[in-house]
Amino acid sequence: MLDPLILRNDLDATAAALKTRGYTLDTAVYEALEARRKALQMGVESLQSERNSSAKAIGRAKAQGEDIQPLLDSVAQLGTKLAAAESEFRVVREQQAAWLLDMPNLASTDVPAGSDEADNVELRSWGEKPHFDYPPRDHVELGELHQMMDAEAAAKLAGARFTLLKASMARMHRALAQFMLDVHTQEHGYTEVYVPYLVKGETMQGTGQLPKFADDAFATNDEPPRYLVPTAEVPVTNLAANTIFAADELPIKYVAQTPCFRREAGSAGQDTRGMIRQHQFEKVELVHIVRAEDSVAAHEELIGNAERILQLLELPYRTIVLCSGDMGFSASKTYDIEVWLPGQDAYREISSCSNCSDFQARRMKARVRNADTGKPELVHTLNGSGLAVGRTLIAVLENYQQQDGSIRIPEVLQPYMGGLEIIDL
RNA sequence: GGAGAGGUGGCAGAGCGGUUGAAUGCACUGGUCUUGAAAACCAGCAAGGGUUAAUAGCCCUUCCAGGGUUCGAAUCCCUGCCUCUCCGCCA
């Protein structure tokens, strides 16, 4: 959520900034709503003030044994007037709140301007793409060849966009997650957390998935509904909700492995082959809760932590910065890591690391007490995949394949697979 | 699933219709005292919002949440959520 104050004081500049994100703000309508809000709020508060002072006067008079009937008569109409004013104010306030919840974060000033992924900027690349003397198989072919990856079996159980893994591939999938968790906890200083996979609506709202993107999430039919987490960012970041941290409690760095559930509404026809885009996938997620002045540095640390996993796995990748039009709703700046997939002859996203500035913090009321002033201030929140496990599995399969179809196991992964060095046919 | 108890400030814990945003204790911050520290004593110490040039005043809201009664609700009524104890069941 944006600071309502900047919309009040700097509406045109804010609207222009939102425009670069593809969000059009109707300033005239917003201004009119804001004017109504101000008038109604002042009216309501003045009636409330009158009610309070009258009630106190009545109490005082009654205590002294005076006749309070004249006083009661004088406030006879106050209650209904106040109720009417309050309900009118409530409507406007809710309209304004809904509007604010619908606006994306502002892009950081150093984010390249642009409208879509074509305007993203590559920052660096790492590793050498493997050379093959034959047309490299993609992960689907490799999975079928080994009989360890079965989309049909998964479809029988759950429909499209699920994959069943077996034997060494199931084990490698598990090994990857374990490996990532160990690196982040032991080398990067993260605290591992295990979290609920079903969360309340207000939790989804805290990180920005609701109300705008309700169609993307799976919901239960409880009343009120719960939501299957689309990323561990949701439960983990919301651990900071409604909290005022002491200055020395920050930074907080959490890592969690969770399944992620996504409806993939609107992506019909995209990535239908293989396990690139699924309704359910496993992800190791990194979350930072930091003081505002530390978030830029934390963002660099975060992307470095994610890249480290690919380096240890010796998988080639490139890192890009997303342009203003391609960023997610809550982000002020986002780095994506794209891993090389020989089977697709393309780089594909395997991690997305975002600095959400105070956008989520304002929604979830996550604050830190300024040690100097003693005043609470909004924290900054960051999150990044470290990494998406399913896509990492794909990358290992495709990059480590050999001509006969066997798959070498990356050295760092071997201890997690009982010393296995190769998946033979 | 059955039975009971309860949700108040950072924590503990009073208040049970009237100048109560809330006693008291602890914790915390500043001061006095002390060579220093402790103790003792004094003072301060919730959050959000509106108005405003203002981090000055003034005002509003908040005692789990949402409704209701009343001139007035932390206090009374209803609903929901959550926590704890005992029994049953269960990974």
Side-chain angles (χ1 to χ4, degrees), chain A residues 1-10 30-31 33-101 194-206 220-227 235 238-250 252 292 358-379:
Chain A
M1 198 163 85
L2 300 181
D3 185 348
L5 274 178
I6 68 164
L7 289 159
R8 219 174 280 169
N9 299 333
D10 218 355
Y30 188 86
E31 239 165 2
L33 185 67
E34 168 59 18
R36 278 199 75 202
R37 185 234 100 218
K38 180 169 172 173
L40 287 170
Q41 182 162 358
M42 290 175 74
V44 164
E45 289 186 359
S46 118
L47 287 170
Q48 285 173 329
S49 178
E50 194 181 333
R51 176 202 60 197
N52 292 345
S53 54
S54 308
K56 282 179 184 175
I58 292 169
R60 220 176 294 126
K62 200 176 173 187
Q64 291 170 13
E66 295 168 14
D67 178 17
I68 60 169
Q69 194 54 46
L71 286 168
L72 288 181
D73 293 342
S74 74
V75 296
Q77 300 308 314
L78 193 59
T80 50
K81 269 167 65 182
L82 180 58
E86 279 177 337
S87 76
E88 201 180 352
F89 175 50
R90 192 178 311 123
V91 170
V92 169
R93 204 183 43 186
E94 280 166 8
Q95 282 173 358
Q96 200 170 34
W99 207 337
L100 283 167
L101 286 172
Y194 171 78
V195 295
Y197 302 158
L198 284 168
V199 297
K200 297 189 282 190
E202 68 179 70
T203 305
M204 292 282 275
Q205 182 173 299
T220 66
N221 60 5
D222 294 8
E223 190 50 51
R226 275 180 260 248
Y227 298 85
N238 273 283
L239 287 171
N242 300 305
T243 302
I244 302 175
F245 294 102
D248 62 7
E249 287 180 275
L250 301 186
I252 290 170
D358 62 11
F359 185 83
Q360 295 179 324
R362 186 172 291 105
R363 287 176 165 243
M364 66 175 79
K365 299 181 182 66
R367 292 154 294 173
V368 57
R369 196 172 295 284
N370 183 307
D372 297 324
T373 64
K375 295 295 176 194
E377 297 169 354
L378 292 169
V379 301

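Note on naming: letters A, B, ... go to the chains in the order of the sequence lines (proteins, then strands), and numbering restarts at 1 for each one.
Checked by atom type and distance alone, the side chain of A/E249 pairs as donor or acceptor with a backbone atom of A/A246 at under 3.5 Å. For A/T243 (side chain) and A/A241 (main-chain N/O), a donor-acceptor pair under 3.5 Å exists by modelled atom type. Using modelled atom types, one side-chain atom of A/N370 and one backbone atom of A/T373 make a donor-acceptor pair closer than 3.5 Å. A donor-acceptor contact shorter than 3.5 Å is absent between the side chain of A/T203 and the backbone of A/P235. No donor-acceptor pair closer than 3.5 Å links the side chain of A/S49 to the backbone N or O of A/E45. Using a distance-only test at 3.5 Å, with no hydrogens or angles considered, no donor-acceptor pair links the side chain of A/R226 to the main chain of A/V199.
Taking 4.5 Å as the limit, every side-chain heavy atom of A/Q205 sits out of range of all side-chain heavy atoms of A/K200. Side-chain contact between A/V91 and A/E88 is absent, with no heavy atoms from C-beta onward closer than 4.5 Å. Side-chain contact check for A/R363 versus A/E202: every heavy-atom pair is 4.5 Å or farther apart.
Pairing for B/A37 is absent, judged as Watson-Crick or G-U wobble with the two contacts each under 3.5 Å. Summarising the base pairing, B/C82 is matched to B/G6 through a Watson-Crick or G-U wobble pair whose two defining distances lie under 3.5 Å. B/G1: Watson-Crick or G-U partner is B/C87, with both key distances under 3.5 Å.
One can place CZ of A/R60 at 11 Å from P of B/U20, the figure rounded to the nearest angstrom. Across the protein-nucleic acid pair, A/N242 atom CG and B/G9 atom P stand 14 Å apart, rounded to whole Å. In this structure, the NZ atom of A/K56 is 9 Å from the C1' atom of B/U20, given to the nearest Å. Rounded to whole Å, the distance from CD on A/Q48 to C1' on B/U62 is 12 Å. Between the C1' atom of B/G10 and the CZ atom of A/F245 lies a distance of 14 Å, rounded to the nearest Å. Taking atom CG of residue A/L78 and atom P of nucleotide B/U70, one finds them 14 Å apart after rounding to whole Å.
Between the C1' atoms of B/A22 and B/C63, the separation comes to 8 Å (whole Å). For B/G21 and B/A74, the P atoms lie 8 Å apart once the distance is rounded to whole Å. Between B/U69 and B/U79, the two C1' atoms lie 15 Å apart (nearest whole Å). When the P atom is compared between B/C41 and B/A47, the two are found 27 Å apart, to the nearest whole Å.
In this view, A/E66 and A/A61, A/Q64 satisfy the side chain to side chain contact (heavy atoms under 4.5 Å, CB included) rule, not counting sequence neighbours. Partners of A/Y30 according to the ring pair (Phe, Tyr, Trp, His ring centres under 6.0 Å) rule, which considers only residues two or more places apart in sequence or in another chain, are A/W99. With sequence neighbours excluded, the residues that form a side chain to side chain contact (heavy atoms under 4.5 Å, CB included) with A/R367 are A/I244, A/K365, A/P376, A/L378.
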Between the protein and nucleotides 72-82 of chain B, which nitrogen or oxygen pairs are less than 3.5 angstrom apart?
none

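For A/S49 and B/C59, the shortest distance from a side-chain N or O to OP1 or OP2 is not below 4.0 Å.
Among the protein residues, A/S54 comes within range of no part of the nucleic acid, since none of its heavy atoms lies under 4.0 Å from any strand.
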Once base and sugar-phosphate atoms are separated, protein heavy atoms under 4.0 Å mark nucleotides 44-57 of chain B, 5' to 3', with B, S and - as ---SSBSSS-----

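Looking at which nucleotide of RNA chain B each of A/L72 and A/V44 is closest to, the 5′-most match is held by A/V44.
Near RNA chain B, meaning a heavy atom under 4.0 Å from it, residues 81-99 of chain A has no residue at all.
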